[in-house]
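Taking it in order: structure first as structure tokens, then the write-up.
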Amino acid sequence: MTERPTIAKIAEQAGVSVPTVSKVLNGRSDVAEATRARIESLIQEHGYRRRGAGTPASPMIDLVFNLLGGEWAMELIRGVEEVARAEGVEVVLSECGGALRPRQQWIESVLNRRPLGVIMVFSDLDADQRAQLEARRIPFVVVDPVGDVGDDVPSIGSANWNGGRMATAHLRGLGHTRIGMISGPVSTLCSRQRIDGYTDALRSTGVEPDPALIRSADFEVDGAYREALVLLSVADRPTAIFAGSDMQALGVYQAARELGLDIPRDLSVVGYDDLPLAQWVTPALTTVHQPLQQMAELATRVLLDLARGVTPPALRLDLAVDMRVRRSTSNPPL
């Protein structure tokens, strides 16, 4: 195409009807996958944009979670809202219902809204969904990637390997050798990185990791409670547990109480995230501080830059973490 691309020209090259191209442009799901991919490729190749689609109907960004609710999500929402408010941008919240990828209906609604961009939190897009956003010049940024999103996708995370190592090194420094770990789902990148940090800290201090002491659950209270009961009911139980989230640490607290164990006299506990509740539980929780609000603020600034045509100097950014030592950890029992 040497002249300005039109729907008719795209339809001709793709070998389809004009209504079919229109369906793809509007995010409709009733188009065969191979046909959609062919049309999306032509749209992207020739830079087709609908008349009037250069600017969103109103300045907004879509913020998408795999699951809404809880303090972890609230910390991220606060970070996005802080930057968006200052920029005069509205925020539209969505969730994937626990899935790691949104449904096609969500893509259709985004294409209709034409936001400045999309922030995906602990969720991701499949190749077809990415192509649809890219074809309409709708940028997206991933926060806390579930997996390896690739070098070409802007993403904001934190130093999970270092966080896992810090938590374990803190417990080793107190004298613990039997250190259990309850990680998040091992299918997620952050969980695998924290496990790797945990095992490295053990090996570097002369302790061989025991696979029987490594359990996994979701990041919520109930799953960690069940796994903690397993860890704490064996004869040679651990004297410390590193939980993959502060919510998981609460599950460990509950299991310890039911088994008559005192924290930290009988069991030391370390969490992860440093949510506001970590300071108010009894005893106050030692945890790895993950800068959730700052991650969300940075993601929003990167997204707004992309919407303005500014490419960030680095697409992958991992923020530093640090230990917040409180009252839930001490030396192991004699």
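Numbers here simply count residues along the sequence, with the first being 1.
Asp144 places a side-chain heavy atom less than 4.5 Å from the side chain of Trp72. Using a 4.5 Å heavy-atom threshold, the side chains of Leu202 and Glu208 count as separate. For the pair Ile61/Leu303, a side-chain contact is recorded, criterion being any heavy-atom separation below 4.5 Å from C-beta on.
Here the closest non-hydrogen pair linking Ala299 and Val143 is CB-CG2, 3.4 Å. Considering every non-hydrogen atom in both Leu174 and Pro332, the closest pair reads O-CD, 3.1 Å. Across all non-hydrogen atoms, the minimal contact from His176 to Ala240 is ND1-CB, 3.7 Å. For Ser216 against Gly184, the heavy-atom pair with the smallest separation is CB-O, 3.6 Å. The minimum heavy-atom distance linking Met166 with Asp322 is given by the pair SD-CA, 3.8 Å. For the pair Pro238 and Leu267, the tightest heavy-atom approach, listed with the atom from each and the gap, is O-CD1, 3.8 Å.
A salt bridge (charged side-chain N to carboxylate O under 4.0 Å, His left out) with Asp200 is found for exactly one of Arg194, Arg165, Arg172, namely Arg165.
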Show your reasoning for whether side-chain contact (heavy atoms from CB on, under 4.5 Å) applies to Val92 and Leu63. CA-CA 6 Å; Val92 178; Leu63 175 58; over 6 Å; no
side-chain contact (heavy atoms from CB on, under 4.5 Å) evaluation trace for Ile179 with Leu213: CA-CA 7 Å; Ile179 302 172; Leu213 294 182; 5.9 Å; no
Stepwise side-chain contact (heavy atoms from CB on, under 4.5 Å) test for Ile156 and Val142: CA-CA 6 Å; Ile156 310 296; Val142 180; over 6 Å; no
Assess the residue pair Val270 and Leu171 against the criterion (side-chain contact (heavy atoms from CB on, under 4.5 Å)); give the C-alpha distance rounded to whole Å, side-chain angles, the decisive distance to 0.1 Å, and a yes or no. CA-CA 8 Å; Val270 176; Leu171 293 168; 3.8 Å; yes
side-chain hydrogen bond (donor to acceptor under 3.5 Å, both in side chains) evaluation trace for Thr329 with Thr286: CA-CA 7 Å; Thr329 51; Thr286 294; 3.1 Å; yes
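Residue pairs meeting the salt bridge (Lys or Arg N to Asp or Glu O under 4.0 Å) criterion with at least one member in residues 73-84, sequence neighbours excluded: Glu71-Arg78, Glu75-Arg78, Glu82-Arg85.
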Show every donor-acceptor pair shorter than 3.5 Å between a side-chain atom in residues 246-265 and any protein atom, with sequence neighbours excluded, or say none if there are none.
residue: Asp246; atom: OD1; partner: Tyr272; partner atom: N; Å: 2.9
residue: Asp246; atom: OD1; partner: Thr287; partner atom: OG1; Å: 2.7
residue: Asp246; atom: OD2; partner: Asp274; partner atom: N; Å: 2.8
residue: Asp246; atom: OD2; partner: Leu275; partner atom: N; Å: 2.7
residue: Gln248; atom: OE1; partner: Gly244; partner atom: N; Å: 2.7
residue: Gln248; atom: OE1; partner: Ser245; partner atom: N; Å: 3.3
residue: Gln248; atom: NE2; partner: Ser183; partner atom: O; Å: 3.1
residue: Gln248; atom: NE2; partner: Asp218; partner atom: O; Å: 2.6
residue: Tyr253; atom: OH; partner: Pro283; partner atom: O; Å: 2.7
residue: Gln254; atom: OE1; partner: Arg257; partner atom: NH2; Å: 2.9
residue: Gln254; atom: NE2; partner: Glu258; partner atom: OE2; Å: 3.0
residue: Glu258; atom: OE1; partner: Tyr225; partner atom: OH; Å: 2.7
residue: Glu258; atom: OE2; partner: Tyr225; partner atom: OH; Å: 3.1
residue: Asp262; atom: OD2; partner: Arg265; partner atom: N; Å: 3.2

Review item, side-chain donor-acceptor pairs of residues 227-236, under 3.5 Å, at least two apart:
residue: Glu227; atom: OE1; partner: Arg215; partner atom: NE; Å: 2.7
residue: Glu227; atom: OE1; partner: Arg215; partner atom: NH2; Å: 3.0
residue: Ser233; atom: OG; partner: Leu229; partner atom: O; Å: 2.5
residue: Asp236; atom: OD2; partner: Arg178; partner atom: NE; Å: 3.4

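Ser158 contributes no side-chain N or O that, together with a main-chain N or O of Leu319, makes up a donor-acceptor pair within less than 3.5 Å.
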